[in-house]
Asks: 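I'd like to ask some things about the structure below.
Everything numeric here is computed off the predicted structure, so don't read it as measured data. Letters A, B, ... mirror the listed sequences (proteins, then strands); counts begin at 1.
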There are 2 protein chains.
Amino acid sequence: MSTTAPRRGRRPGSPDTRAAILAVARQRFAQQGYAATSVRGIATAAGVDSALVHHYFGTKEDLFVASLELRVDPREIVPVVAAGGRDGVGERLIRLLLSVWDDEESRLPLMALMRSAFEPEGKALVPDAFGRLILGPVSEALELDQPERRVTLVASQLVGLVALRYIARIEPLASAPVETLVATYAPVVQGYLTGPLP
Amino acid sequence: MSTTAPRRGRRPGSPDTRAAILAVARQRFAQQGYAATSVRGIATAAGVDSALVHHYFGTKEDLFVASLELRVDPREIVPVVAAGGRDGVGERLIRLLLSVWDDEESRLPLMALMRSAFEPEGKALVPDAFGRLILGPVSEALELDQPERRVTLVASQLVGLVALRYIARIEPLASAPVETLVATYAPVVQGYLTGPLP
DNA sequence: CACGTTATTCATCACATGATGAAATGTGGC
DNA sequence: GCCACATTTCATCATGTGATGAATAACGTG
């Protein structure tokens, strides 16, 4: 009986194995973090030998950064948030955050980034990048006073929201409709950005 | 020359090696999380063979829960926060949170808990416990409406604050004086607890 | 002082991980 | 059809992990 098991070498057809591996990697890194994700696990889930993973992506860390390729270009979204001036910037920020995190395509890399931010390795990389790439430009475009303080306050609320809604999936936050969240958080964020500071 | 290296068996004197191991374990679990912390690493840092760790604490997971032994008794602090009624409960909550997290004694176990909450294993355990042990009783004592929603909102802000100030150590949040933080966050928390909900 | 108990290390297991190099198999151009 | 090349697996290394059991040394009680 000629078994179907592919024994060795190249398989027939032209399956995009590289993309399959990358997809699995994104998933795992996002859901379990860097340390808890193993190259072998990714390989198995992708129906592939672990050596192939190394062949395509090099080291595990290389694969990680490859899986982080963001779907969101900061230079593209910052103007959208900033346009319109100080009024309503809180709402636009929240709305943008939710739309990005509610889209699976862009969520996975963000989750991986978020997770890695709290693991011992990458440390300051993520918050720093986030602050400089998004919140920094926004605050600059709006000409806020004490931008560092305001940006950090906003970040503290947004990080908490993301952590509970998307990472820990706490109810009723996880299932709350976007409009409710916007209505709830927009005033707070707006206050952090443009209100008086003690 | 009689070297000082202890070769085998029990060492002279009565050093509390068990406590030393536990201290190191608390530190490591808090700073690196469960997965990234190794029994051998703890043993080495405590100047001890790894077998001794197992001798005292059993499995690695046992050691972990042993290191979580909280310094804070919820039943003790909840009345303090709730006493005084709705007015000023936001400020009392923030003040309590900061005092607990600014004390190294109580911070380490909390950090370990927090970290484990975002690793794949413990999952819902921590937020659930936190909500039920602290925020739940508080909201009940205050007779709030829609307690789940309000409690989650508060948690989202507090988790973000803790994540940035104590875990990621983002400035200027990390070095901000307590009074400033109280003044900044108390109104928001108060609003989440007692203000109108959309 | 003898003896059981406790504290401590050594040697070792079984296993999982990341990584590499050689071999096998298909695809495409000439 | 042949040959360079890309794709895929196998076999293997070195390392690190959690864990166990036997051996040794100090302590405490009789």
Side-chain angles (χ1 to χ4, degrees), chain A residues 2-26 28-29 31-68 112 116 119-122, chain B residues 2-25 28-29 31-67 112 116 119-122:
Chain A
S2 58
T3 59
T4 53
R7 273 304 188 201
R8 268 287 190 102
R10 191 171 189 158
R11 16 177 111 154
S14 55
D16 198 350
T17 324
R18 192 192 141 98
I21 295 173
L22 197 60
V24 175
R26 246 194 285 271
R28 301 257 163 149
F29 281 133
Q31 288 172 351
Q32 328 181 2
Y34 180 83
T37 301
S38 76
V39 175
R40 290 164 128 97
I42 294 174
T44 303
V48 139
D49 189 280
S50 82
L52 192 58
V53 177
H54 289 295
H55 170 64
Y56 277 129
F57 297 96
T59 164
K60 177 185 178 184
E61 206 164 319
D62 294 339
L63 174 61
F64 181 65
V65 317
S67 83
L68 289 186
S116 82
E119 292 186 18
E121 14 272 72
Chain B
S2 58
T3 58
T4 53
R7 273 302 187 200
R8 271 282 192 104
R10 189 170 191 159
R11 15 177 110 155
S14 56
D16 197 349
T17 323
R18 191 193 143 98
I21 294 173
L22 196 61
V24 175
R28 300 256 164 150
F29 280 133
Q31 288 172 351
Q32 326 182 3
Y34 180 83
T37 301
S38 76
V39 175
R40 291 164 127 98
I42 293 174
T44 303
V48 140
D49 189 280
S50 82
L52 192 58
V53 177
H54 289 296
H55 170 63
Y56 276 130
F57 297 95
T59 163
K60 178 187 178 184
E61 206 164 317
D62 294 339
L63 174 59
F64 181 66
V65 317
S67 84
S116 82
E119 292 186 20
E121 15 275 73

Asks: Which pair of heavy atoms, one from Ala45(A) and one from Arg28(A), lies closest together, and at what distance?
Replies: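 Closest approach of Ala45(A) to Arg28(A), heavy atoms only: CB-NH2, 3.4 Å.
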Asks: Using a heavy-atom distance cut-off of less than 4.0 Å, which residues of residues 52-67 of chain A contact DNA chain D?
Replies: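 Close to the strand are Leu52(A), His55(A), Tyr56(A).
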Asks: In the 5'-to-3' direction, what one-character label does each nucleotide of nucleotides 24-30 of chain D receive under the scheme B = base within less than 4.0 Å of a protein heavy atom, S = sugar-phosphate only, - = no such atom?
Replies: BBBS---
Asks: Using every non-hydrogen atom in the two residues, find where Ala25(A) and Leu63(A) come nearest and quote the distance to one decimal.
Replies: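 For Ala25(A) versus Leu63(A), the nearest heavy atoms are CB-CD1, 3.9 Å.
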Asks: Within this structure, what is the CZ-to-C1' distance between Arg28(A) and dG18(C), rounded to whole angstrom?
Replies: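 Taking atom C1' of dG18(C) as the reference, CZ of Arg28(A) is at 16 Å.
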Asks: Where do Arg11(B) and Pro15(B) come nearest, in terms of heavy atoms and distance?
Replies: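 Of all heavy-atom pairs spanning Arg11(B) and Pro15(B), the closest is CD-CG, 4.2 Å.
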Asks: Specify the residue among Ala51(A) and Ser38(B) whose closest nucleotide of DNA chain D lies further upstream toward the 5′ end.
Replies: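 Closer to the 5' end of DNA chain D: Ala51(A).
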Asks: How close or far is atom P of dA7(C) from atom CG of Asp16(B), stated in whole angstroms?
Replies: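 Between P of dA7(C) and CG of Asp16(B): 10 Å.
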Asks: So, is Thr17(B) close to the dA7(C) phosphate, meaning a side-chain N or O under 4.0 Å from OP1 or OP2?
Replies: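 False: Thr17(B) side-chain N/O out of range (4.0 Å or more) of dA7(C) OP1/OP2.
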Asks: Which atom names give the shortest non-hydrogen contact between Leu68(A) and Ala112(A), and what distance separates them?
Replies: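 The pair with the smallest heavy-atom distance is CD2-CB, 3.7 Å.
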Asks: Arg40(B) has an atom CZ; how far is it from atom C1' of dA16(C), in whole Å?
Replies: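 That distance rounds to 13 Å.
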Asks: What is the distance, rounded to the nearest whole Å, between atom CG of Asp49(A) and atom P of dA22(C)?
Replies: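 Nearest whole value for this atom pair: 17 Å.
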Asks: Using residues 47-61 of chain A as the side-chain source, report each donor-acceptor pair under 3.5 Å to any protein atom, sequence neighbours left out, with the distance given to one decimal.
Replies:
{"residue": "Asp49(A)", "atom": "OD1", "partner": "Ala51(A)", "partner atom": "N", "Å": "2.7"}
{"residue": "His54(A)", "atom": "ND1", "partner": "Gly58(A)", "partner atom": "O", "Å": "3.0"}
{"residue": "Thr59(A)", "atom": "OG1", "partner": "Glu61(A)", "partner atom": "N", "Å": "3.3"}
{"residue": "Lys60(A)", "atom": "NZ", "partner": "Tyr34(A)", "partner atom": "O", "Å": "3.2"}
{"residue": "Lys60(A)", "atom": "NZ", "partner": "Thr37(A)", "partner atom": "O", "Å": "2.8"}

